[in-house]
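Note sheet for the following structure.
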Amino acid sequence: MKLWGRILWTLLSGPRGRMGASQGWSFNSWKLHSSLTGLLSATGVASRWTQVFEERGIPEARESSEYIVAHVLGAKTFQSLKPELWTKPLTPKQLQCIQELCSHRLQRMPVQYILGEWDFQGLSLKMVPPVFIPRPETEELVEWVLGEVAQQPPAVGAQGGPLILEVGCGSGAIALSLLSQLPESQVIAVDKEEAAVSLTHENAQRLQLQDRIRIIPLDVTSEGCWTHLLPWGPVDLVVSNPPYIFHKDMEELAPEICSYEDPVALDGGEEGMDIITHILTLAPRLLSASGSIFLEVDPRHPELVKSWLQSRPDLHLSLVAVRKDFCGRLRFLHVQKSAP
């Protein structure tokens, strides 16, 4: 009962004592429209934390609280909870766990890191800071690649499917989602960060896709790095969501990004092109004839990439298509290798 009392007081009075007066809330500010049981239900607790997050200026306040409550109750989303769980009183242990996770959100930790997992293209991936969190836009990149592969005749690759190189694998989101939907494909995934390589390994294992992926620690900006990949090639596709944020824009990023995600996975240099140009320089040596490169970029990059490729005719690469993301921003590039 002592534990229950402490949690109840925290729930009603806010984390005032532990986190400072400015982070608490007043009991009187909570409109008591329901019984105490209702307040301690999943719906009541989610609503209460939504209010707290809103008062503290936490982005996506309702989504954050509902994801956390659902996670503690063993569900992916609040909407997927069984209806009877919405109103059933939570246990002291559940309330304590919700409080602890919500305290991390108050410190602007991304929900993906708090939950320790996130869905991408229907796959449940483990998420660990500071490895880059895959965004919804990148799911569109995967869908575009899948659409292009479906329109092409079978590639001459391992087991009859395309051989794909992903540069900057992070959590493995792109590589593993392509593997899961292209059952005869194989992927070479590279990243220079040890944490990313380790996490991709772990996610491949948990999805049982480890037999079709080679994960290599590699910095594509290093001299002669392409020689490490030659034994596995030629590849049919190069896919990447590289660091593409203009350096001057880094300081404008949200605290969730600046404080928790690896800046190396975000900062693309002065014009956001540092890693993009390395990929484009590397790719012709590894691509098969008429092979393709698919990139996620900043909306300012299509023209910059087009001009850069025109200045490098020796690469025999052409920008053949540009696509917008779901917000209408130029976001994805298709670059193709042509015959010398």
Side-chain angles (χ1 to χ4, degrees), residues 59-60 64 67 104-105 107-143 145 164-179 187-204 206-207 209 213 215-221 238-247 249-269 272-276 278-279 294-299 301 325 327 329 331-333:
E60 299 180 333
S64 296
Y67 271 122
H104 290 305
R105 188 70 188 105
Q107 296 167 29
R108 302 298 290 266
M109 178 179 280
V111 169
Q112 293 88 338
Y113 291 152
I114 294 172
L115 304 184
E117 61 182 11
W118 199 246
D119 281 3
F120 183 91
Q121 283 284 312
L123 303 179
S124 180
L125 301 173
K126 182 177 179 179
M127 292 288 142
V128 178
V131 180
F132 183 74
I133 299 167
R135 270 53 172 185
E137 295 91 335
T138 308
E139 297 198 49
E140 294 183 273
L141 175 64
V142 171
E143 290 166 5
V145 173
I164 303 166
L165 169 64
E166 185 192 2
V167 178
C169 56
S171 64
I174 293 176
L176 298 173
S177 57
L178 290 173
L179 282 176
V187 169
I188 304 164
V190 305
D191 203 297
K192 72 175 184 177
E193 298 298 326
E194 182 179 342
V197 170
S198 175
L199 187 56
T200 297
H201 267 295
E202 190 167 347
N203 279 324
R206 71 187 271 166
L207 295 170
L209 292 169
I213 185 170
I215 306 163
I216 304 172
L218 186 72
D219 181 355
V220 296
T221 68
V238 175
V239 184
S240 182
N241 175 19
Y244 62 69
I245 295 176
F246 285 49
H247 182 70
D249 296 336
M250 288 291 292
E251 61 186 26
E252 300 175 10
L253 297 177
E256 283 83 353
I257 300 172
C258 295
S259 300
Y260 293 95
E261 292 190 83
D262 187 356
V264 172
L266 298 157
D267 192 341
M273 290 273 288
D274 287 3
I275 304 302
I276 292 172
H278 278 288
I279 293 171
F294 290 90
L295 299 172
E296 180 175 330
V297 298
D298 183 274
H301 281 143
D325 62 19
C327 293
R329 297 168 296 198
R331 184 65 68 192
F332 312 110
L333 305 182

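Sequence positions, counted from 1, serve as the residue numbers for this chain.
- If you take CG on Leu207 and CD on Glu202, they are separated by 10.5 Å, rounding to the nearest 0.5 Å.
- Between Ile114 and Arg105, the closest side-chain pair of non-hydrogen atoms falls below 4.5 Å.
- Minimum interatomic distance between Ile279 and Ser240 (heavy atoms only, all atoms of both residues): CD1-OG, 3.5 Å.
- Judged by distance alone, with hydrogens and angles left aside, the side-chain atoms of Ser177 form a donor-acceptor pair with the main-chain N or O of Ile174 at under 3.5 Å.
- The closest donor-acceptor contact from the side chain of Ser64 to the backbone of Glu60 lies under 3.5 Å.
- Annotation: ring pair (Phe, Tyr, Trp, His ring centres under 6.0 Å) contacts of Phe246 (sequence neighbours excluded): His301.
- To the nearest 0.5 Å, atoms NE2 (His104) and CG (Leu115) are separated by 11.0 Å.
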Residue pair Val239, Leu165: steps toward the side chain to side chain contact (heavy atoms under 4.5 Å, CB included) verdict: CA-CA 6 Å; Val239 184; Leu165 169 64; over 6 Å; no

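- In this structure, Ser198 contributes its side chain and Glu194 its backbone to no donor-acceptor pair below 3.5 Å.
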CA sep, side-chain torsions, deciding dist, call: Ile213, Thr200, side chain to side chain contact (heavy atoms under 4.5 Å, CB included): CA-CA 10 Å; Ile213 185 170; Thr200 297; 4.2 Å; yes

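- Looking only at distances, a side-chain donor or acceptor of Arg135 sits under 3.5 Å from a matching main-chain atom of Ile133.
- Interatomic distance, Leu266 CG to Asp249 CG, rounded to the nearest 0.5 Å: 11.5 Å.
- Judged by distance alone, the side chain of Asn203 and the main-chain N or O of Gly172 form no donor-acceptor pair under 3.5 Å.
- The closest donor-acceptor contact from the side chain of Ser171 to the backbone of Val131 lies at 3.5 Å or more, if one exists at all.
- Annotation for Phe120: atom CZ counts as buried by contact number, over 12 foreign heavy atoms lying within 6.0 Å.
- Side-chain contact between Ile257 and Tyr260 is absent, with no heavy-atom pair separated by less than 4.5 Å.
- Shown here are the salt bridge (Lys or Arg N to Asp or Glu O under 4.0 Å) partners of Glu139, two or more places apart in sequence or in another chain: there are none.
- Within the 4.5 Å cutoff, no side-chain heavy atoms of Glu261 are placed close to those of Gln112.
- Asp325 has its side chain out of reach of Leu141: every pair of non-hydrogen atoms, C-beta onward, lies at least 4.5 Å apart.
- When side chains are defined from C-beta on, Met273 does not count as touching Tyr244, because their heavy atoms never get closer than 4.5 Å.
- In this structure, CZ in Arg331 is found 9.5 Å from CD in Glu140, a value given to the nearest 0.5 Å.
- Between Val167 and Pro242 the shortest side-chain heavy-atom distance does not fall below 4.5 Å.
- Distance alone, capped at 3.5 Å, is enough to place a donor-acceptor pair between the Asp191 side chain and the Cys169 backbone.
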Intermediate values then yes/no, side chain to side chain contact (heavy atoms under 4.5 Å, CB included), Val111 and Tyr67: CA-CA 8 Å; Val111 169; Tyr67 271 122; 4.0 Å; yes

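- For the pair Val264 and Glu193, the minimum side-chain heavy-atom distance is below 4.5 Å.
- Taken to the nearest 0.5 Å, the OG1 atom of Thr221 stands 5.5 Å off from the NZ atom of Lys192.
- Asp267 meets the side-chain contact (heavy atoms from CB on, under 4.5 Å) test with His247, Met250; sequence neighbours excluded.
- Of the inter-residue distances, the one linking Asn241 atom CG with Phe294 atom CZ reads 14.5 Å to the nearest 0.5 angstrom.
- Considering every non-hydrogen atom in both Phe332 and Glu137, the closest pair reads CZ-O, 3.1 Å.
- Between Lys126 and Arg206, some side-chain heavy-atom pair lies under the 4.5 Å cut-off.
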